[in-house]
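A quick write-up on the structure given underneath.
One-based numbering along the sequence shown.
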Amino acid sequence: MSHEHVSYLELLARGAATEAYDRPVLLARASGAGPEALADLEEAKQLALRVRAELEGRRRREAELSALFATAHDLAGLRDLDAVLRAIVQRARSLLGTEVAYLSLNDPAAGDTYMRVTEGSVSARFQQLRLGMGEGLGGLVAQTARPYVTDDYFDDARFQHTRTIDTAVRDEGLVAILGVPLSLGSQVIGVLFAADRRARVFEREQVALLGSFAAHAAVAIDTANLLAETRSALAELERANDIIREHSGVIERASEVHDRLSELVLHGGGVHDVARAVSEVLGGTVEFTEAGAGSARRAGGHAVREGDDWLAAVSAGGETLGTLVLHGRPDLDPVDQRTLERAALVTSLLLLARRSAGEAEQRVRGELLDDLLDAPDRDRRLLRERAARLRTDSEAPHVVLAARIDRPAAGAADTDAGRRESADRQRLWSAASHLAATRHGLASARDGGTVLLLPLGPGETAAELARQTARNLGGTLREQITVGASAPVRAPLDHPDRVAVAYEEARRCLDALGLLHRSGQGAAAEDLGFLGLLLADGRDIGGFVDRTVGQVVAYDRRRGTELVRTLDAYFASGMSPARTKDELHVHVNTVAQRLERIGRLLGPDWQSPSRALEIQLALRLHALSDAVGGK
């Protein structure tokens, strides 16, 4: 390994800035390095930058999950509401990378909204701001109960501006603002904000992350209100000791489930581990289902009763991920309801973490396949190392498959159809990536569809793999998926140049299926008769002849018959038995018997126009191969 390559490893090890990665190339150019060395360095630089970006992404996701888990732990041991809310706002500001974060709460008694917690604010006017209900960006968030974002606050006319709010925002210097609701049931009790003093675009993942922090804040406020109600009841009731004994069991149960859930999260437990732990604590049976129950979704995070069951929606950032269902406990007290709701919240965090890891692996698999297709001259050792990290079977023969969703094309002005088509491509890529991961292969979005590189199983053919892939993806997406396959590629990581050639063959096969009105099917060139012979890159003439008339040729060799000669004469005489017997100088009954035997060998449809055309071509190619072989 050269000194410059070691330099890139050192830069990665110390987490250097992006600009530092240009230095080895500049030094090499200044020292008079040749074009080939400079190209090699440039490629190493790009690889190092991709590794750096991946490491940065993982560090960011780990920081987000750690912050969310820490927040969940704070809630489990809630003692000081202000401290918990302050921690939530601080973490939100840090992870979103904004200059300011703040949280406002509604004051029903005064009929307005006030700042409860601010982080990064420098303006006393802003920190003490009180505004009327429905005013400003926060008023729009509270009115619609949905996140709202503006990249330029003062140029955004979609919400009500007031002099008081605009003056405070201008005094703070804010420009881009994101607000998400703090909701208890259907009621919005406040808004959590992240803001910058410059224009910026907030990504969907950042909106979802701030929404998760808002959910934690709402839970903290709800828990604090519950504790306040409990203290008020204790003060008002004369039977204080009885109430304490009654609640001690509930509090102990709640503490137990919080401790168990925190332990599960910290030790990498799964969704079903959460369901099992809550089942034991609540004395019922809890199961997770990916189906979103409408009543639970509309309850805004609260558990709801349906018949003898209790349901709690598992959601994050406004997206429903599933439902926790509790069986066998029709009479559930409020604290146990909260326990089920907390379990749903923890489940959503685990699902988000699993999705984040899955999406990262999908991207890495797609990048490796893109490199095989677009840059086959890459270092094969590095390609093998990347494939090994993805547990890809690099020794088995592979098949390249081109897949797409087939439905009527949208008109140029049909924007809804265009968006649907883009969403369909994303769904297809996601399903194909999952299939590739389970089969130790690769997948990438390409040319309006998806390309897969999958290993062949023992005794499996490219055509069988294409049909299986079409069925698998079609069943997953409930769509008509058409799949074209290449001939097998041996050791694709040792011969990456063959992958691009195989992809072109798979695409030709995919287009041929459309022309043959065979949408929703999977096929390789060997399935398409003489058309497949034209499409295939290898021009497997012997395979085509064997698939088409091989049984007749083999029968002649075993029995010493003349079925091939009879077929030639039959087609040459315009498929007339009478003229065939004259050509062969045999009785017409002999011709009939031979044709019957041919029908049993080739199948009842052998005289149909399409089959007859393929058989005649195969006979010509067979005769040509015999003539060439006899010379």
- Message: Looking at Y148, I'd like to know if the NZ or CZ of R146 sits under 6.0 Å from its six-membered ring centre while staying within 45 degrees of the ring's axis.
- Response: no

- R91 charged N/C atom sitting above F213 aromatic ring, 6.0 Å / 45°: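 Relative to the ring axis of F213, which defines the angle, R91 lies outside at least one limit.
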
- Message: Going by the rule side chain to side chain contact (heavy atoms under 4.5 Å, CB included), which residues pair with S94 if we only count those two or more places apart in sequence or in a different chain?
- Response: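 S94 satisfies side chain to side chain contact (heavy atoms under 4.5 Å, CB included) with no other residue.
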
- Can you name the residues that form a side chain to side chain contact (heavy atoms under 4.5 Å, CB included) with Q128, not counting sequence neighbours? A124

Supply the atom-to-atom distance [X] [atom1] to [Y] [atom2], rounded to the nearest 0.5 angstrom.
| X | Y | atom1 | atom2 | answer |
| --- | --- | --- | --- | --- |
| L178 | R200 | CG | CZ | 8.5 Å |
| E135 | L140 | CD | CG | 13.0 Å |
| Q127 | E119 | CD | CD | 10.5 Å |
| I405 | S519 | CD1 | OG | 12.5 Å |
| M115 | F126 | CE | CZ | 3.5 Å |
| L209 | L96 | CG | CG | 5.5 Å |

- Message: Would you say that L131 contacts T164 through its side chain, given a criterion of any heavy-atom pair below 4.5 Å between the two side chains?
- Response: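 SC-SC contact between L131 and T164 ruled out.
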
- Does I481 reach the side chain of D406, with side-chain heavy atoms less than 4.5 Å apart?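 No. Closest side-chain heavy atoms not under 4.5 Å.
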
Check whether [X] reaches the backbone of [Y] with its side chain - one donor and one acceptor, N or O, closer than 3.5 Å.
| X | Y | answer |
| --- | --- | --- |
| Q206 | E203 | yes |
| T482 | G520 | yes |
| T150 | D152 | yes |
| S121 | T118 | no |
| D156 | R158 | yes |
| S430 | Q426 | no |
| R404 | G448 | no |
| T162 | I165 | yes |

- Query: Yes or no on side-chain contact (heavy atoms from CB on, under 4.5 Å) for L452 and L435, after CA distance, side-chain angles and deciding distance?
  - Reply: CA-CA 9 Å; L452 300 95; L435 174 61; 4.2 Å; yes

Are the charged groups of [X] and [Y] less than 4.0 angstrom apart, N to O?
| X | Y | answer |
| --- | --- | --- |
| R197 | E172 | yes |
| R507 | D447 | yes |
| R130 | D107 | yes |

Minimum heavy-atom distance [X]-[Y], with the two atoms named:
| X | Y | value |
| --- | --- | --- |
| A431 | T476 | CB-CG2, 4.1 Å |
| A92 | L210 | CB-CD1, 3.7 Å |
| P181 | P147 | CD-N, 3.8 Å |
| V149 | F202 | CG2-CD1, 3.4 Å |
| V191 | G179 | CG1-CA, 4.1 Å |
| L192 | A214 | CD2-N, 3.7 Å |

- In this structure, which one of I221, N106, V188 forms a side chain to side chain contact (heavy atoms under 4.5 Å, CB included) with L182? I221

- Which residue, L103, L137, V100, forms the side chain to side chain contact (heavy atoms under 4.5 Å, CB included) with F193? L137

- Message: The test is side-chain contact (heavy atoms from CB on, under 4.5 Å); show your working for V141 and V180 and say whether it passes.
- Response: CA-CA 7 Å; V141 173; V180 296; 5.7 Å; no

- I would like to know whether Y102 and R93 meet side-chain hydrogen bond (donor to acceptor under 3.5 Å, both in side chains); could you show each step before the answer? CA-CA 9 Å; Y102 50 102; R93 177 195 177 202; over 6 Å; no

- Task: Output, in order, the C-alpha distance, side-chain angles, deciding distance and verdict of side-chain contact (heavy atoms from CB on, under 4.5 Å) for R427 and D424.
- Result: CA-CA 5 Å; R427 290 169 56 227; D424 283 347; 2.9 Å; yes

- Could you label the plane-to-plane angle of the H161 and Y153 rings as parallel, tilted or perpendicular, counting under 30° as parallel and over 60° as perpendicular? perpendicular

- Task: Could you give me the CA-CA distance, side-chain angles and deciding distance for D82 and R116, then say whether side-chain contact (heavy atoms from CB on, under 4.5 Å) is met?
- Result: CA-CA 9 Å; D82 284 337; R116 176 66 184 267; 2.5 Å; yes

- Item | Derivation of the side-chain hydrogen bond (donor to acceptor under 3.5 Å, both in side chains) call for T98 and D196 | CA-CA 5 Å; T98 58; D196 255 337; 5.3 Å; no

